[in-house]
2 protein chains.
Amino acid sequence: MVDAITRSGLLGHEVLAAVLQVRCGSLQVLLWQRARAPQAGRWALPGGRLGEHEDVEASIRRQLAVKVDVRQLAHVEQLAVFSAPDRVPGPRVLATAFLGLVPSDVDPEVPEDTAWHAVDALPPAAFDHGAIVLRARDRLRAKLSYTNVGFALAPPEFTVSALRELYSAALGYRVSATNLQRVLARRGLLEPTGDTAPPGPSGGRPAALFRFTRRDMLVTDPFAVLRPPGGRDQR
Amino acid sequence: MVDAITRSGLLGHEVLAAVLQVRCGSLQVLLWQRARAPQAGRWALPGGRLGEHEDVEASIRRQLAVKVDVRQLAHVEQLAVFSAPDRVPGPRVLATAFLGLVPSDVDPEVPEDTAWHAVDALPPAAFDHGAIVLRARDRLRAKLSYTNVGFALAPPEFTVSALRELYSAALGYRVSATNLQRVLARRGLLEPTGDTAPPGPSGGRPAALFRFTRRDMLVTDPFAVLRPPGGRDQR
DNA sequence: GCAAAAGTGTTGTGCCTACACCCATGG
DNA sequence: CCATGGGTGTAGGCACAACACTTTTGC
């Protein structure tokens, strides 16, 4: 029977997501610990089988909502299909991997076996899930530069220093608040709310609050080079 | 029986490729015309069912070699999974879509029903294949700017003007030979072979021949902005 | 007044485009 | 020697990083 199915060319298909969030000053990913073989004890990405009447993105959104209570995904995007014939033991299963981003102000109520882990200090990962997390991290880092994905890491309103912390954690290096503000302002991505945040206990000037002008993904720096000639408003 | 399979969670999976090449001064894609229903007469991407013991990239390479004689792919990369439940009539089939690039000096012997079409004047496309072609085109255009993918469109040796034609066709706008050469040279992607190409019948200075220093994909302009501080050799 | 934090002004640099100019060949 | 196409020199602009400086608060 298994052979009949294999020969029929039909395959299992699962969807998996590397859900990233900046928590406690570091970029973290949501993983659950496998209780049973295979790979008991190892940490895996949330996800599951693709349902009959949904496409892959709908599926991963549904499963994240149901299984780990993640409903506040500010951004979801496909990473790649992982298809090595032996990527999981037993009957073959392909996986469509996603990057999911959660704003830093929400804290989903995750199940017992589920926890956040810093992407730069991953615990032993199940199957090919470690590679998926790294792909997700690299994709996020790249897109922080040439798109407005930052909105998906940030709360609705924030100070520039708070945003700086988010970018620094995600990129893995110190970002200057001054220049961050200027880059985003130059691109028209930031707008002041008019309010200010109260200063800390040690004083200091109150910080202005900002929000992103758009909360959908947008490529803001389309071509690094080889721009079209006479590049007036063509970008 | 069909229902039993459906409920089992098993799915058909195919691989499809938008094979792009610059031909006659325009960016073209390889398509075959469907003879039979569904969608008879419409043009489809080459590809087919994923085999048992191969991953998706091996599969698309194999199928392109066997079915349309494309063996000279200088670059292959995944685009995305297309998974709308009704993307094809009948039992559900997911598709992993690829971008494939063929250097302009090769001309595969394609079958009778297969032909090259300008990506900017596509004939009626089958299923969701039109969208896949556009994704492939956009991906190529983006990567021409910040990677060295140009090598995959170019023959082993070429003049700067020939390369300019290729970039212009792929990008859809006139690229300056002067600046193209400088950008690629600055990045260390181009090296002179030492030879020159004979001038045309109307004379002119003989053009120096160049080759790409590497023929594997390489990101040459990693972050457009938000560079790490003290950006000496960190890129 | 002083420390702390936010925000602005300014300078310098490197990458890129555009364009002028020089070079090598065929007729 | 002139037309044709290839290659180089140079000037200007823009985006960015870095850092000095000003502003606004708490104590």
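So you know, we letter chains A, B, ... as the sequences are listed, proteins then strands, and number each from 1. Just so it is clear, the structure is predicted and the values come from calculations on it, not from any experiment.
Below 30°, between 30° and 60°, or above 60°: for A:His75 and A:Phe151 the angle between ring planes is above 60°, a perpendicular geometry. Ring geometry for B:His117 against B:Trp43 counts as perpendicular: the plane angle is over 60°, on a 0 to 90° scale with 30° as the lower cut.
The side-chain heavy atoms of B:Val68 and B:Trp32, taken from C-beta on, include no pair separated by under 4.5 Å. Side-chain contact check for A:Pro156 versus A:Asp105: some heavy-atom pair is nearer than 4.5 Å.
Put simply, CD on B:Glu165 is 9 Å from P on D:dG6, counting in whole angstrom units. Between A:Asn179 atom CG and D:dC19 atom P the separation is 11 Å, expressed in whole Å. Straight-line distance from the CG atom of B:Leu190 to the P atom of D:dG6: 15 Å, rounded to whole Å. Between the CG atom of A:Leu144 and the C1' atom of D:dC16 there is a distance of 17 Å, rounded to whole Å. Taking atom CZ of residue A:Phe158 and atom C1' of nucleotide C:dA6, one finds them 15 Å apart after rounding to whole Å. Atom pair B:Arg186:CZ and D:dT8:P shows a separation of 14 Å (rounding to whole Å applied).
Within 3.5 Å, no donor on the side chain of A:Arg182 pairs with an acceptor on the base of C:dG7, nor the reverse. The base of C:dT17 is not paired with the side chain of B:Arg174 by any donor and acceptor separated by under 3.5 Å.
Closest of all the heavy-atom pairs between B:Pro222 and B:Val219 is CA-CG1, 3.8 Å.
For residues 199-211 of chain A, proximity to DNA chain D is found at A:Pro199, A:Pro201, A:Gly203, A:Gly204, A:Arg205, A:Pro206, defined as any non-hydrogen atom under 4.0 angstrom from a strand atom.
Using modelled atom types, one finds a donor on one side chain and an acceptor on the other under 3.5 Å when comparing B:Ser26 with B:Gln28.
Within the 4.0 angstrom heavy-atom criterion, no nucleotide atom of any strand lies near B:Ser176.
Between B:Arg187 and C:dC16 there is a side-chain polar atom (N or O) within less than 4.0 angstrom of OP1 or OP2.
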